[in-house]
> 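First the structure, which I've put down as structure tokens, then a few questions once you've had a look.
Bear in mind that the values here come from a model prediction, so they are computed numbers and not experimental data.
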Amino acid sequence: MSFAIEILTLFPEFFDSPLSTSLIGKACDAELATVLRTNIRDFATDKHHTTDDLPFGGGAGMVLKCEPAVGALEAARDRNPSLPRIYLTPQGERFTQAIAAELAAGPGMILFCGHYEGVDERVREGWIDREICIGDYVLTGGEPAALVLLDAVVRLVPGVVGNPESLVEESFTDPRRIEHPHYTRPRDFRGMEVPEVLLSGHHAKIEAWRREQSEARTRSRRPDLIDD
């Protein structure tokens, strides 16, 4: 059964290239994943297709209105009743490899891309199942975050990556460790040589070296993973 994704966005064209290239494009071509883009603006209730308005109480910026947001979310839920509705927001839980694996094991997901200063709080309270943040920074909209989530999840859907063993030793598969260094031909590049252990053919020694390098790299570059 195909992994179903629906993206609710004000800018469906943002996803044109990513959905037609690399692993996501291959997954769609092979019908391992299906991606539907829905324009939130189509659910606006006035003749000007207005999706935002001034915030009650004053303040800078605009707020995404209830009517188009809820209309899009309800239509998506009607099409796929079992899919979680995920809002991409800086206020959500931090996205991790574990969450990517959890979502990939499910039937799919509905990704809601906010804009402006955010969405009316009533939408979050009544029509959103989960809120996810990809990092401690602010984007112009939820589209780039949705693309990050999409890429991280789809590659974990069974059958998308040709050799599933390549997913086993990746950074964050073990949440307290980043990946070891990699080398390929040539053996000597401008005086920089491949470590001899990788040329030895001794699998146990190679595995031990990779583990040691992974742990050292984590301590050096991401000590927060160890200290958490």
> Would you say that L23 contacts V161 through its side chain, given a criterion of any heavy-atom pair below 4.5 Å between the two side chains?
yes
> To check you understand the geometry: which heavy-atom pair defines the closest contact between E143 and F14, and what is its length?
CB-CD2, 3.6 Å
> Going through the distances and angles, do L8 and N39 end up as a side chain to side chain contact (heavy atoms under 4.5 Å, CB included)?
CA-CA 6 Å; L8 310 181; N39 194 331; over 6 Å; no
> So if I apply the side chain to side chain donor-acceptor pair (under 3.5 Å) rule between E131 and each of Q91, R124, R85, which one comes out positive?
R124
> Can you confirm whether T34 sits close enough to I5 that some side-chain heavy atom of one is under 4.5 Å from a side-chain heavy atom of the other?
no
> Given side chains that start at C-beta, do those of I206 and S200 come closer than 4.5 Å, heavy atoms only?
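The answer is yes, as the side chains (C-beta and beyond) meet within the 4.5 Å cut-off.
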> If we ignore hydrogens and angles and just use 3.5 Å, is the side chain of T51 paired with the main-chain N or O of R41 as donor and acceptor?
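No; zero donor-acceptor contacts below 3.5 Å.
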> What distance separates L111 CG from T38 OG1, expressed to the nearest 0.5 Å?
11.0 Å
> Can you tell me if CZ on R79 sees more than 12 non-hydrogen neighbours from other groups inside 6.0 Å?
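For R79, atom CZ is crowded (more than 12 foreign heavy atoms under 6.0 Å).
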> Can any side-chain N or O of S20 pair as donor or acceptor with the backbone N or O of S17 at less than 3.5 Å?
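Judged by distance alone, yes, a pair lies under 3.5 Å.
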> Determine whether more than 12 heavy atoms belonging to other residues, nucleotides or ligands lie under 6.0 Å from atom CZ of R130.
yes
> Does atom CG of D29 have more than 12 heavy-atom neighbours from other groups under 6.0 Å away?
yes
> For I86 and L103, what are the C-alpha separation, side-chain angles and deciding distance, and is it a side chain to side chain contact (heavy atoms under 4.5 Å, CB included)?
CA-CA 11 Å; I86 300 171; L103 292 172; 3.9 Å; yes
> Determine yes or no for a side-chain-to-main-chain donor-acceptor pair under 3.5 angstrom, with S2 supplying the side chain and A4 the backbone.
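Here the side-chain-to-backbone pair does not exist.
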> Could you check whether any side-chain heavy atom of Y137 comes within less than 4.5 Å of a side-chain heavy atom of P90, counting everything from C-beta outward?
no
> Just grab all the side-chain hydrogen bond (donor to acceptor under 3.5 Å, both in side chains) pairs involving residues 58-76, residues at least two apart or on different chains.
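For residues 58-76: E74-W127.
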> Any sub-3.5 Å donor-acceptor pair from N80's side-chain atoms to L83's backbone N or O?
no
> Do L199 and V197 belong together in a cluster built from hydrophobic side chains that touch within less than 4.5 Å?
yes
> Keeping T9 on the side-chain end and F11 on the backbone end, is there a donor-acceptor pair under 3.5 Å?
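Such a contact is found between T9 side chain and F11 backbone.
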> Give a yes or no answer on whether the side chain of R77 reaches the backbone of A72 with a donor-acceptor pair at less than 3.5 Å.
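No, the answer is negative, given that no donor and acceptor are paired below the 3.5 Å cut-off.
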> Side chains of D16 and R37: closer than 4.5 Å at any heavy-atom pair?
yes
> Quick check: are there more than 12 heavy atoms from other residues, nucleotides or ligands sitting under 6.0 Å from CZ of F56?
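No, because the 6.0 Å sphere around CZ of F56 holds 12 heavy atoms or fewer from other groups.
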> Is D174 paired with R176 through a side-chain N to carboxylate O contact shorter than 4.0 Å?
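Looking at R176 and D174, the cut-off is not met.
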> Given side chain to side chain contact (heavy atoms under 4.5 Å, CB included), test V123 with Y87 step by step and report yes or no.
CA-CA 10 Å; V123 177; Y87 177 38; over 6 Å; no
> Side-chain contact, heavy-atom cut-off 4.5 Å: C133 with R94?
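A side-chain contact is absent here, since even the closest heavy-atom pair is not under 4.5 Å.
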> Which distance, rounded to the nearest 0.5 Å, do you find between the CG of L198 and the NE2 of H182?
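Spacing of CG (L198) from NE2 (H182) equals 10.5 Å.
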> Return the CG to CZ distance between L73 and F43, rounded to the nearest 0.5 Å.
9.5 Å
> With side chain to side chain contact (heavy atoms under 4.5 Å, CB included) as the criterion, how do I7 and L36 come out once you've worked through the C-alpha distance, each side chain's angles and the decisive distance to 0.1 Å?
CA-CA 6 Å; I7 305 171; L36 175 65; over 6 Å; no
> Would you give the length of the straight line joining atom OH of Y116 to atom CG of L64, rounded to the nearest 0.5 angstrom?
7.0 Å
> Working to the nearest 0.5 angstrom, can you tell me the gap between C113 SG and L10 CG?
8.5 Å
> Can you check whether E179 reaches R217 side chain to side chain, under 4.5 Å on heavy atoms?
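SC-SC contact between E179 and R217 ruled out.
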> What are the two closest non-hydrogen atoms of G61 and L54, and how far apart are they?
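Looks like O-CD2, 4.5 Å.
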> If every non-hydrogen atom of P158 is compared with every non-hydrogen atom of L32, which pair is closest and at what distance?
O-CD2, 4.2 Å
> Has E13 got more than 12 heavy atoms of other residues, nucleotides or ligands less than 6.0 Å from its CD?
yes
> Are any side-chain N or O atoms of T218 and backbone N or O atoms of S214, one a donor and one an acceptor, separated by less than 3.5 Å?
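Present.
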> Running the 4.5 Å side-chain criterion over Ile, Leu, Val, Met, Phe, Trp and Tyr, what cluster does M1 land in, apart from itself?
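None; M1 is a cluster of one.
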> To the nearest 0.5 Å, tell me how far I99 CD1 sits from L149 CG.
8.5 Å
> Is it the case that the side chain of R210 and the backbone of H180 share a donor-acceptor pair, with hydrogens and angles ignored and the cut-off at 3.5 Å?
no
> Is there side-chain contact between I134 and L139, with heavy atoms separated by less than 4.5 Å?
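With C-beta onward as the side chain, the pair touches.
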